[in-house]
Amino acid sequence: MALSTRLLAFRNSPVLLKLPPYLSALCLAIGISWLFTLPLDAYSRRTYVSENAILPGQVHTYFGGSEHNVFRAYRQEVYHLSQQSESDRNAGLARVMTEIGLKVASQPYDFTVAGEGINGTNVYGLLQGPRADATEAMVLMAAYRNSNNDINYSGIALALTLARYFKRWSIWSKDILLLIPSDSVYGPQAWAEAYHHSSAPDATPYRNISRLPIKAGALQAAVALDYPAGPWGQRFERLDVQYDGINGALPNLDLLNTAVAIASGQMGIQCSLHGLPSSHQHDSYTDRLRTLAEGLRSQAAGHATGPHSAFIPYHVDAITLKTVGDGWHDEMSLGRTTESLFRSINNLLEHLHQSFFFYILLGAGRFVSIGNYLPAAMLIAGSFTVTALGLWAQSGQAAASVGSDAGKIGTTSGKEKSEGFEVVKVGGDVALVATSAIMKRVERKMLLPAVVVLAVHLLGFVPLYALVNLPRPYLQATLLTIATSSLVLPLIVSLIVVRSFQVEKQQLQLLQSFSLLLLGAAMSTLATLNFSLAFVVGVLASPLSFIRPLPRAGEMTVSKKLDLWTQRAVGWTVLQSMVYMGWVAISPPAILYEACWFLELDVEHVLVEVAKGWNAQGVYTAGMVWGVWWPAWFLGGVIAFSNVVKDDVKQEEQKAVR
Amino acid sequence: MSVLKQVYHDHPKTTLFTCAATIRILAGVLFPALPDLLSQRAELSTPVDGFKRLQEGLFLYESGLDPYDGGIFHQAPLLLPLFSLLPSPNAWLGRLISVLLYTILDLATADCLFSIASFGVAHTSGLFSSPRKDRSWAPISVAAVYLLNPFTILTCLARPTSVFTTFSTVLSINHACQAKPTTAAFALAVAGYASLHPLMLVPPMGLLCYDRLCSQTSTDTAEAKSVAADHGATGKVATNLGVQPKAIRFGLEFVGTFLLATVFLLGLSRLLLPSWKFVPGIYMTLLTLPDLSPNPGLWWYFFTEMFDAFREFFLGVFWLHMAAYSIPFCLRFKKQPLVAVVLMQGVICVFQPYPTAGDAGAWLSCLCLLSHLFELSSTHRYTFPALVALGYASLLGPAFHHLWIYAGSGNANFFYAITLVWSLALLILLTDTVYSALRDEWEAERPEGKGKEIRQI
């Protein structure tokens, strides 16, 4: 027989039908443990610069000497400006930039999220390279307030000094834009968005961004400086390189590698990631795993982590250099690092494309490429699909005949093979055909399961809409309402579906199959866009593929002892409530509360950040949670308690009727 | 609940059509940016049927210039006077009216599908009667698959002009089932005039029309049979073959009508336009593929990396490959002509130069006309995995397109790979349908083969 026919013949074997839950569990176990093997040397690589044109650290940096005096002066100036009102401060910064010789403009912006307003002004200047062709540009940023809300005195002063220093060189092949946004998140977002629009971006109730009066060419890279040392200065120990973008998008690895190669190679400044100790001394398995976990957390949330984040969705590679700790490096080392970095970016003939766009960093010098880490998320997504296919195959089997196995819903009775013969008539001819040869297949009634799945997924837009649009005072109450209604709503829907529509066991299997299929497809797609979010949501939603309708009291077929125990009312109630608790514990609102408690975060703060992310930054994490994960969990509950809510009396009546 | 059920049972068509129209119009009203967003998607609009290009051509036409001069506009000329009557789609009213027009087209297509399904042509032809007649779906289900299909709804909002081709093709099938060769040929001529590929549906359509014509003349003998049965006679009734139309004559008439209709449409178009430029503008674009914008098809990627010397050769090969299925389907499925039509539609939907997701959605709905075969394909073949693959491809396609064009971290290979998966899924459904149709024919002769696995001797 042909191979394909042999394989197809396997479809009918009962072993294959029992396999999916175990296969699913295996996929899940391998997927999760895969992540833990990544920090090993065998699965990660040392970073290297791929683009030949970069030549990192090859150029002699002349930043120093009297530039230090200029820096100190600018730092005092920034300190004095910070004591004044915002408009005076912006005017002062613009005046400094004009004195440097840049073309200056400012851009006001206004976001309104969760009933609160976020507004500010971006002040920026354009340094046109004297021998450049004005088609490309690089951006040097120093936000007025960094992510911790400290004033970035030295960062702004250094940016101004560097701009003044760069103005005197004629080697620039690209224009340089010096950008000083009011804050680290919304200012750069407004600027990057307006830069990539032909006129002002459309004003909505949530955002009003003015157009940019001055623009340069296509942005090749952006570097932000975060050095909040006060007017009397402070030396730092190492540089923290921040690279996460919106929705977990990452810059080209070359930009990071160049910055790290210059800082640690040419300048001798250690680099670290996510605020953790530098991997120079701390390169053990646990350190790498911690860096991986921090990266996963930050990218799964998808929010902006610095001024660089807003640029990455526009295909502009960007990083933030943040000074950390107390050491002996000072502003001139940082200035020389930035100068060298800009000289390397200046060398580029093409947009950065040689190195990786998808990677996980285990340290400043170690990374995992996508071929090594993607199977983890794909296996987890696959575990859902395997269960869904198994359930589909099971739903096509003939149901247990009435009277023989009535009541034993936990078993899969397999195909019913009734012995005997059947009469077949064609035209005037009659033949006797053995019925064992005829496979009994049941027609699948798919309309109700499909409609229920669709309806519940559309219902997910209600909590999403509520959580991103309501003002701050109502957010905690909204989440509490959603959490409590999530406790009962699935049971109510289960009741309606089971009793009013007289749903059969097959249709419940189809319901779960469709729900898991949708979840698996969504997770697979998400893994290509944001691996971290797909992994985290996949792991948290993984128990859903093992949910089956809870058997009724006395119907357990796992073991006779358990069956006897559950026949007593107490035993049965305990089991039910255990399952219910477990199911509630893995619900999205519950996990949000648990995470906030564990990480010691304020729930209201988290909710406001989520709302801000969705409306102002374009982060789709909330959409994934409420539009894909929560409906899947909801349907898991509908399935789990579908047997429990069945009406005993009606079932007896139906049996009697048949 | 029971009231709704009652309404549905009494007026199924009205309920369904109202529901479908409501979904489309509500989507257009509640999300005003959605139609324009969808018309820009590569999966829903191609250079030869995009709504934006239609607006370009319309502007040139209304200014008195030749729309085909610029090499942008490649759509049927007769659409221009139709759309110039409607207000400009840039305003909300014009947008709503254009969505309304496409909703009406969708409803008309669904109506045609409903009547085709209710004729029962799929399982009963002049030469063959399927043993699975009673397994075919209710006509309302076939119409529902078309109207509630997400691909169809998204296409309606994106408004490509390939919907006119789909409508004309389905109308042609409808008239062929009613044994009206003139109108069937005319509708097919409209479809072929708009996009070249329905030309390849002429043989199967002619076969279907001829078969129905023969059935019609032999229903007289069937009436005689039933009259004889009433009177207690049990003898056989002979069919007068002399009364049945002659195949060759019918064929010539059909093709002749088709050609005359095409000439008429081309002439009418020439009257509207200042020159004959529209002929190379439309047909040479489809034949020579000058525009290689990404779409869910198989051609564009090949031709981006092809040296000019081989271009004509491969264009010829690709077109010849598609056309080559037409006659063999007619020969093999002589007894089931509707199967031949639907399979040819499937081949066209995958292998045409500029396919869209809407074409695939329309073909999947036409596939439901052959619903009596679904039992066979789901038992013996891979229907569910193919549909799951189709679902995955429809989610991953836009994701990879975004990664390629906007995020810049992917490249064309990502998107084309998903296009290949999409085409593979559609082709698996096609080949499974071929298997099911042939097996159905075989089981009509050998009922003892029911339920057995096929093996090669």
Side-chain angles (χ1 to χ4, degrees), chain A residues 1-2 4-6 8-9 11-12 202 245 247 249-252 312-317 351-353 356-358 370 385 388-389 392-393 396 422 424-427 429 431-441 443-444 447 496 500-501 513 517-518 520-522 524-529, chain B residues 1-2 5 33 129 131 135 137 141 144-145 148 150 234 236 374-376 378-385 387-411 414 417-418 435 443-457:
Chain A
M1 268 164 50
S4 60
T5 329
R6 265 190 244 255
L8 278 172
R11 280 211 280 206
N12 306 325
D202 295 328
N247 288 323
L250 302 174
N252 195 297
I312 299 176
Y314 291 98
H315 194 194
V316 178
D317 304 300
H351 221 113
L352 285 167
H353 67 283
F356 300 88
F357 286 101
F358 295 106
I370 186 165
T385 314
L389 290 173
W392 170 267
E422 212 178 270
V424 176
K425 276 195 188 145
V426 174
D429 309 318
L432 272 176
V433 183
T435 45
S436 57
I438 302 172
M439 288 190 285
K440 280 216 166 27
R441 293 274 164 179
E443 181 126 352
R444 292 182 176 95
L447 181 67
I496 295 171
S500 309
F501 291 103
S513 174
L517 213 55
L518 206 58
S524 305
T525 312
L526 191 61
T528 61
L529 296 168
Chain B
M1 192 62 61
S2 55
K5 278 195 181 156
S129 185
R135 298 303 304 264
W137 289 5
S141 307
V145 168
L148 303 175
T234 50
K236 292 193 177 173
F374 286 170
E375 175 196 31
L376 277 170
S378 65
T379 315
H380 297 280
R381 307 294 287 191
Y382 323 95
T383 311
F384 188 64
L387 286 171
V388 170
L390 208 64
Y392 266 77
S394 9
L395 282 178
L396 284 169
F400 281 158
H401 185 264
H402 170 84
L403 279 180
W404 172 30
I405 303 282
Y406 298 108
S409 32
N411 53 43
F414 289 47
I418 296 300
Y435 171 91
E443 280 186 11
E445 299 160 22
R446 294 180 186 280
E448 70 272 15
K450 234 181 187 162
K452 292 219 177 85
E453 295 288 346
I454 301 288
R455 66 186 233 191
Q456 197 171 2
I457 306 170

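Letters A, B, ... are given to chains in the order of the sequence lines, protein chains preceding strands, and every chain is numbered from 1.
Here the OG1-NE2 distance, from Thr528(A) to His402(B), works out to 9.5 Å after rounding to the nearest 0.5 Å. The CG atom of Leu518(A) sits 7.5 Å away from atom CG of Leu395(B), with the distance rounded to the nearest 0.5 Å.
Contact annotation for Leu403(B): only side-chain heavy atoms (C-beta onward) come within less than 4.5 Å of a heavy atom of chain A. Of the two parts of Phe400(B), only the side chain, counted from C-beta on, holds a non-hydrogen atom closer than 4.5 Å to a non-hydrogen atom of chain A. Only the backbone of Ala407(B) has a heavy atom closer than 4.5 Å to any heavy atom of chain A.
Annotation: side chain of Thr385(A) is in contact with side chain of Tyr392(B) (closest heavy-atom distance under 4.5 Å).
The nearest pair of heavy atoms linking Ala399(B) to Thr525(A) is CB-CG2, 3.5 Å.
Residue with the most contacts toward chain B among Tyr314(A), Phe358(A), Phe356(A), Phe357(A): Phe357(A) (heavy-atom pairs, distance under 4.5 Å).
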